[in-house]
Asker: 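Take a look at this one; I'll ask things after.
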Amino acid sequence: MAIEVVITQRGLFKKPLTEAELSPAGLRVGHWNQAGVLDEGPAQDGRVLCDPSQPGRGCYIQAVPGEKEKAYLRQTLPCTAHDLELFYGQIERICQTWKTDRFTQDGEARRLDDIPQMIEFQRKAGEGLLRSMSEQWKRDGAGILTGAMYPIYMEPAALDRLKDGDLDYFAQYLAEKQTGGWYYAKPNFYRNDNGVDILGVYTITEGVESILPISPFVPPLYSVLLQGFSLTTEQVTDWRVGLVRVWEENGEMKGENLGYVPFDRFAQAVGLDRCPRYDDKHVIVQVDDLSEVLA
């Protein structure tokens, strides 16, 4: 579920949107990659905005600098109160730039004066939506929450807290999971020359805290975000971890690919099952000397 807003600029002399208006100071700007992880910089047709100190779920804007006609904004639900403030704040900013107080939300005409009431409505509705989603995830035995920065595979303990519709805990939980500055290791896939075997590769950089699955798998979001992509975990015939070392030399960053090791061998070498848990499927791992993994 999501709030979908369209803002249309009317009149003969239309003002183009600028980068500053689409990416307000203090907010992080990026785009979601095929694993649902926020990468730096806007995409070709739009961008994701979030507050780096309270990432929440982020909001999506389909517009680029120079746009004069329409701007499309989307806020995934349920979201935090801060998400709503940023989302409707961006709507107000674009409306003011285009000198209009009107927009459409979910196909209905709205005015800027309606925003306080809409925020309060969405906040209350969010409690019920959070309860129902938590109950469903609990029944299914699994759940994926897409955050602004990372996707989160829900832990049973978190679902027990969220089933009461506690939006304050929801905001706290999202902040805790997304403000650590970790690298989220997503798999890349390659087909063997024989046209059958498929290789899945995660990359770990020496000395960098990284989010890595306890067991490798194909993220379900891949099939959602990549058109025509259909691959199951069972189809991947070989899982490996690529080992990378980076350093600074004469003011420049340099890197070296140390090689690849089977995922199981990497997991055993670093004690992956003993690393701090990130969510239901992932841990946080840091390897200060990757040479030991290759030994």
Side-chain angles (χ1 to χ4, degrees), residues 1-4 23-24 26-40 47-61 73-90 118-138 140 142-186 209-213 219-221 224-225 276-284:
M1 294 185 64
I3 309 169
E4 298 189 353
S23 303
L27 298 185
R28 182 168 180 176
V29 182
H31 63 279
W32 286 307
N33 64 28
Q34 70 270 28
V37 178
L38 190 70
D39 282 344
E40 292 289 344
R47 62 196 60 207
V48 176
L49 300 181
C50 70
D51 182 340
S53 65
Q54 301 179 63
R57 305 200 70 184
C59 74
Y60 173 72
I61 303 176
L73 298 92
R74 187 174 192 271
Q75 177 62 62
T76 306
L77 298 173
C79 64
T80 70
H82 193 54
D83 283 330
L84 292 172
E85 291 175 6
L86 293 181
F87 179 68
Y88 284 107
Q90 190 64 19
M118 289 191 292
I119 289 178
E120 181 61 19
F121 172 81
Q122 293 294 346
R123 188 191 66 78
K124 291 181 179 179
E127 295 175 356
L129 183 56
L130 189 59
R131 283 194 295 269
S132 63
M133 289 178 64
S134 303
E135 291 168 359
Q136 180 179 342
W137 286 335
K138 195 80 171 177
D140 295 344
I144 306 173
L145 180 70
T146 53
M149 303 286 295
Y150 312 126
I152 302 166
Y153 293 78
M154 306 297 291
E155 311 101 305
L159 293 179
D160 287 338
R161 291 288 303 272
L162 294 172
K163 67 182 181 181
D164 295 326
D166 189 340
L167 288 176
D168 289 336
Y169 172 74
F170 185 55
Q172 174 189 334
Y173 178 78
L174 284 170
E176 176 185 307
K177 294 293 185 182
Q178 301 187 93
T179 55
W182 307 290
Y183 168 72
Y184 195 103
K186 66 182 187 299
E209 280 191 309
S210 302
I211 299 171
L212 189 70
L221 292 174
V224 175
L225 298 173
R277 292 299 289 254
Y278 172 72
D279 63 13
D280 198 49
K281 289 183 176 289
H282 297 80
V283 296
I284 298 174

Asker: Ala158: what forms a side chain to side chain contact (heavy atoms under 4.5 Å, CB included) with it, not counting sequence neighbours?
Answerer: Met154, Glu155, Tyr169, Tyr173
Asker: Is the side chain of Gln178 donor-acceptor paired with the backbone N or O of Met149 at a distance under 3.5 Å, no angle test?
Answerer: yes
Asker: Just do the side-chain contact (heavy atoms from CB on, under 4.5 Å) check on Leu86 and Cys59 with the steps written out, would you?
Answerer: CA-CA 8 Å; Leu86 293 181; Cys59 74; 5.6 Å; no
Asker: Hey, does Gln122 have a side-chain heavy atom less than 4.5 Å from the side chain of Ile119?
Answerer: no
Asker: Quick check: does any side chain N or O of Lys177 sit under 3.5 Å from a backbone N or O of Tyr278, one acting as donor and the other as acceptor?
Answerer: yes
Asker: Give a yes or no answer on whether the side chain of Ser132 reaches the backbone of Leu129 with a donor-acceptor pair at less than 3.5 Å.
Answerer: yes
Asker: Could you walk me through whether Tyr183 and Glu209 pass the side-chain contact (heavy atoms from CB on, under 4.5 Å) check?
Answerer: CA-CA 6 Å; Tyr183 168 72; Glu209 280 191 309; over 6 Å; no
Asker: Can you name the residues that form a side chain to side chain contact (heavy atoms under 4.5 Å, CB included) with Arg131, not counting sequence neighbours?
Answerer: Glu127
Asker: Please walk me through it: do Trp32 and Val37 pass side-chain contact (heavy atoms from CB on, under 4.5 Å)?
Answerer: CA-CA 5 Å; Trp32 286 307; Val37 178; over 6 Å; no
Asker: Taking only residues two or more places apart in sequence, or in another chain, which ones meet Tyr150 in a ring pair (Phe, Tyr, Trp, His ring centres under 6.0 Å)?
Answerer: Tyr184
Asker: Where do Arg277 and Asp280 come nearest, in terms of heavy atoms and distance?
Answerer: NH2-O, 2.7 Å
Asker: Can you name the residues that form a salt bridge (charged side-chain N to carboxylate O under 4.0 Å, His left out) with Asp39, not counting sequence neighbours?
Answerer: none
Asker: Identify, with sequence neighbours excluded, every residue that meets side chain to side chain contact (heavy atoms under 4.5 Å, CB included) alongside Met118.
Answerer: Tyr88, Phe103, Gln105, Arg110, Asp114, Ile115
Asker: Going by the rule side chain to side chain contact (heavy atoms under 4.5 Å, CB included), which residues pair with Val29 if we only count those two or more places apart in sequence or in a different chain?
Answerer: Ser23, Pro42, Arg47, Leu49
Asker: Could you work out, with side chain to side chain donor-acceptor pair (under 3.5 Å) as the rule, every residue matching Asp160, not counting sequence neighbours?
Answerer: Lys138
Asker: Under the side chain to side chain donor-acceptor pair (under 3.5 Å) rule, collect the residues that match up with Asp51, sequence neighbours excluded.
Answerer: Ser53, His82
Asker: Applying salt bridge (charged side-chain N to carboxylate O under 4.0 Å, His left out), name anything that partners Glu135, two or more places apart in sequence or on another chain.
Answerer: none
Asker: So, Thr80 and Arg57: side-chain donor and acceptor under 3.5 Å apart, yes or no?
Answerer: no
Asker: Can you sort out the partners of Lys124 under salt bridge (charged side-chain N to carboxylate O under 4.0 Å, His left out), two or more places apart, ordered by chain and number?
Answerer: Glu120
Asker: Ser134: which residues meet the side chain to side chain donor-acceptor pair (under 3.5 Å) condition with it, sequence neighbours left out?
Answerer: none
Asker: Taking all atoms of both residues into account, what is the closest heavy-atom pair of Leu212 and Ala185, and its distance?
Answerer: CD1-CB, 3.8 Å
Asker: Please check this pair: side chain of Asn33 against backbone of Ala35, looking for a donor-acceptor N/O pair closer than 3.5 Å.
Answerer: yes
Asker: Looking at residues at least two apart in the chain, or sitting in another chain, which of them share a salt bridge (charged side-chain N to carboxylate O under 4.0 Å, His left out) with Arg161?
Answerer: none
